[in-house]
Amino acid sequence: MPVIINDVKLDYKDVLIRPRRSDLNSRAEVNLFSEMTFRHSKRTYNGIPLMASNMDSIGTFEMAKTLSKHGVFTAINKYNSIEGWKKFATENPECLHNVAVCSGIAEGDFKRLSTILTLIPELSFILIDVANGYAQSFVNYIKKVRHAFPNHTIAAGDVATAEITEELILAGADIVKIGIGPGSVCTTRTTTGVGFPQLSAVLECAEAAHTLNGFVIADGGCNCTGDVAKALGAGADFVMIGGMLSGHDQCLGEVIERDGKQLKIFYGSCSATAMNKFFGGVAKYRSVEGKTVEIPYRGDVEPTILEMLGGLRSTCTYVGASSVQELPLRTIFVRCNEVVNSIFGPS
Ligand code: 5GP
């Protein structure tokens, strides 16, 4: 018989972080860098736990060059050529500890991944990314990559439940990427009816991962810096961001002028736009699970990222956390019926 889970699962929009007494005198005292040592690779990473998504318009070399200056990570999209990687690595060696090389599980992906990792030995971070991380073939692929690259840090996803998080870690992932359907240009939930509310997914999967000395990335669904703070408060070790970084100079695509407005196009990795671009159309057996939107052009990404980092420092001061790593220890969520005052429009 089909089962119903009756306890309410929550999204970022359903909660606020309760303020707490604080000994911090200024936002400047907050340390946003996290340090973590990975279960399998045994490597230690130190950086700000935000990650530009590996969507093709977001996870660009240009994005990595800018974000890396601030200690922020970029998952480089898998459509970049090997020559592109070579050039990037030669010209920007200081960025290499803040980027991941991405792989799908299709034919040819393993070879491409191996070629890039052999060419660029300083590159230590692999992201294996599929829309649905529940398939046995995905687990097998993680095992294969772990076997071939025992000392590389492997992140893998997406999933949204505790048992599979554990399974992926045991298969060789150091970090599991969490998020089925929360993304700003994702339509999986409407197309398939499948998903899991993101805040609860992060809470449950982070707990499962941490008991195995694994880590999680909260992927998707952050519409403002407050949501990023909630993800970190829920135990996410990294937060992956797409939409909030879209529309900038560092994103792929030209600026379009229409009715006096400057726009950029942003689309899901499973949108018709992406499938037409990379696969020459939508295959007959599959559905479109992403949308294409036109958004206002926002210029350089630097002010946006600085604003986000300022917001996170402020969250920490409101709850008395001297570092972003202390945030989950200081976080108490309050369930809310209304989170923002929208009388003058969305803030
Ligand atoms: P955002 O920060 O924009 O809310 O979410 C970004 C995340 O949405 C990405 O990192 C990726 O996991 C997910 N995503 C991107 N494109 C698609 C898509 O076309 N379909 C689905 N289901 N998810 C997508």
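Along the sequence shown, residues carry numbers from 1. Fair warning: this is a prediction, and the values are worked out from it, not measured in the lab.
- The shortest non-hydrogen separation linking R39 to K42 is O-NZ, 2.7 Å.
- Just one residue in the list V339, V228, N223, V202 forms a side chain to side chain contact (heavy atoms under 4.5 Å, CB included) with Y12, and that residue is V202.
- Salt bridge status for E204 with K9: present, with a side-chain N to carboxylate O gap under 4.0 Å.
- Salt-bridge check for K264 with E254: failed, with every basic side-chain N at 4.0 Å or more from each acidic carboxylate O.
- Looking at residues two or more places apart in sequence or on another chain, you find a side chain to side chain donor-acceptor pair (under 3.5 Å) between T44 and T37.
- Applying the ring pair (Phe, Tyr, Trp, His ring centres under 6.0 Å) test to residues at least two apart or on different chains, none of the pairs has a partner in residues 314-339.
- When the ring-ring contact (aromatic ring centres under 6.0 Å, His included) test is applied to F61, the partners found at least two apart in sequence or on another chain are W85, F88.
- With hydrogens and angles ignored, the 3.5 Å screen pairs no side-chain donor or acceptor of R146 with any backbone N or O of A171.
- With contacts defined as side-chain heavy-atom distances shorter than 4.5 Å, the pair N77/M55 does not qualify.
- Here the side chain of T187 pairs no donor or acceptor atom with the backbone of T190 at under 3.5 angstrom.
- In this structure a side-chain-to-backbone donor-acceptor pair under 3.5 Å is missing from R43 to T153.
- Residues Q325 and S34 are in side-chain contact: their nearest non-hydrogen atoms beyond the backbone lie under 4.5 Å apart.
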Given Q250 and T66, is the side-chain hydrogen bond (donor to acceptor under 3.5 Å, both in side chains) satisfied, shown in steps? CA-CA 8 Å; Q250 287 81 354; T66 307; 3.1 Å; yes
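- Within the structure, ring pair (Phe, Tyr, Trp, His ring centres under 6.0 Å) pairs that include any residue of residues 178-230 comprise F38-F215 (at least two apart or interchain).
- Between T225 and M244, the closest side-chain pair of non-hydrogen atoms falls below 4.5 Å.
- Here the NE2-CG distance, from H152 to D174, works out to 11.5 Å after rounding to the nearest 0.5 Å.
- Under the 4.0 Å criterion applied to side-chain N and carboxylate O atoms, D56 and K277 are assigned as salt-bridge partners.
- Closest approach of S184 to K291, counting heavy atoms only: O-CE, 3.5 Å.
- Proximity of I178 to M240: side-chain heavy atoms (C-beta onward) are nowhere separated by under 4.5 Å.
- No donor-acceptor pair under 3.5 Å is formed between the side chain of E307 and the backbone N or O of P303.
- Shown here are the side chain to side chain donor-acceptor pair (under 3.5 Å) partners of K177, two or more places apart in sequence or in another chain: D129, D158, D219.
- For the pair L16/K230, a side-chain contact is recorded, criterion being any heavy-atom separation below 4.5 Å from C-beta on.
- Contact annotation: the side chain of N54 never approaches that of I76 to less than 4.5 Å [non-hydrogen atoms, C-beta and beyond].
- For T188, the side chain to side chain donor-acceptor pair (under 3.5 Å) partners at least two apart in sequence or on another chain are E289.
- Between I175 and I169 the shortest side-chain heavy-atom distance does not fall below 4.5 Å.
- Between the side chains of Q198 and D11, no donor N or O sits under 3.5 Å from an acceptor N or O.
- Judged as a ring-ring contact (aromatic ring centres under 6.0 Å, His included), and not counting sequence neighbours, the contacts of F125 are F73.
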Quiz: residues 100-108 side-chain donor-acceptor pairs under 3.5 angstrom, not counting sequence neighbours:
residue: S103; atom: OG; partner: Y141; partner atom: OH; Å: 2.8

Could you check T292 against V185 for side-chain contact (heavy atoms from CB on, under 4.5 Å), going step by step and ending with a plain yes or no? CA-CA 7 Å; T292 302; V185 282; over 6 Å; no
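- In the hydrophobic cluster analysis, where Ile, Leu, Val, Met, Phe, Trp and Tyr join through side-chain heavy atoms closer than 4.5 angstrom, I154 is grouped apart from M36.
- When atom types are taken as modelled, the side chain of T165 and the backbone of C205 share no donor-acceptor pair closer than 3.5 angstrom.
- Annotation: D7, atom CG; neighbour count of heavy atoms from other residues, nucleotides and ligands within 6.0 Å is above 12.
- Looking at residues two or more places apart in sequence or on another chain, you find no side chain to side chain donor-acceptor pair (under 3.5 Å) involving T60.
- Residues I295 and L263 are not in side-chain contact: their nearest non-hydrogen atoms beyond the backbone lie 4.5 Å or more apart.
- Between the side chain of N31 and the backbone N or O of S323, no donor-acceptor pair lies under 3.5 Å.
- Residue pairs meeting the ring pair (Phe, Tyr, Trp, His ring centres under 6.0 Å) criterion with at least one member in residues 220-274, sequence neighbours excluded, are Y45-F238.
- Legend: ring pair (Phe, Tyr, Trp, His ring centres under 6.0 Å) pairs involving residues 276-311, not counting sequence neighbours, sorted by first then second residue: Y79-F278.
- Among residues two or more places apart in sequence or in another chain, the side-chain contact (heavy atoms from CB on, under 4.5 Å) test is passed with E83 by S81.
- R27 and S314 share a donor-acceptor pair across their side chains, judged by distance under 3.5 Å alone.
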Pair E257, Q262 - check side-chain hydrogen bond (donor to acceptor under 3.5 Å, both in side chains), show working. CA-CA 5 Å; E257 303 263 349; Q262 291 191 302; 3.1 Å; yes
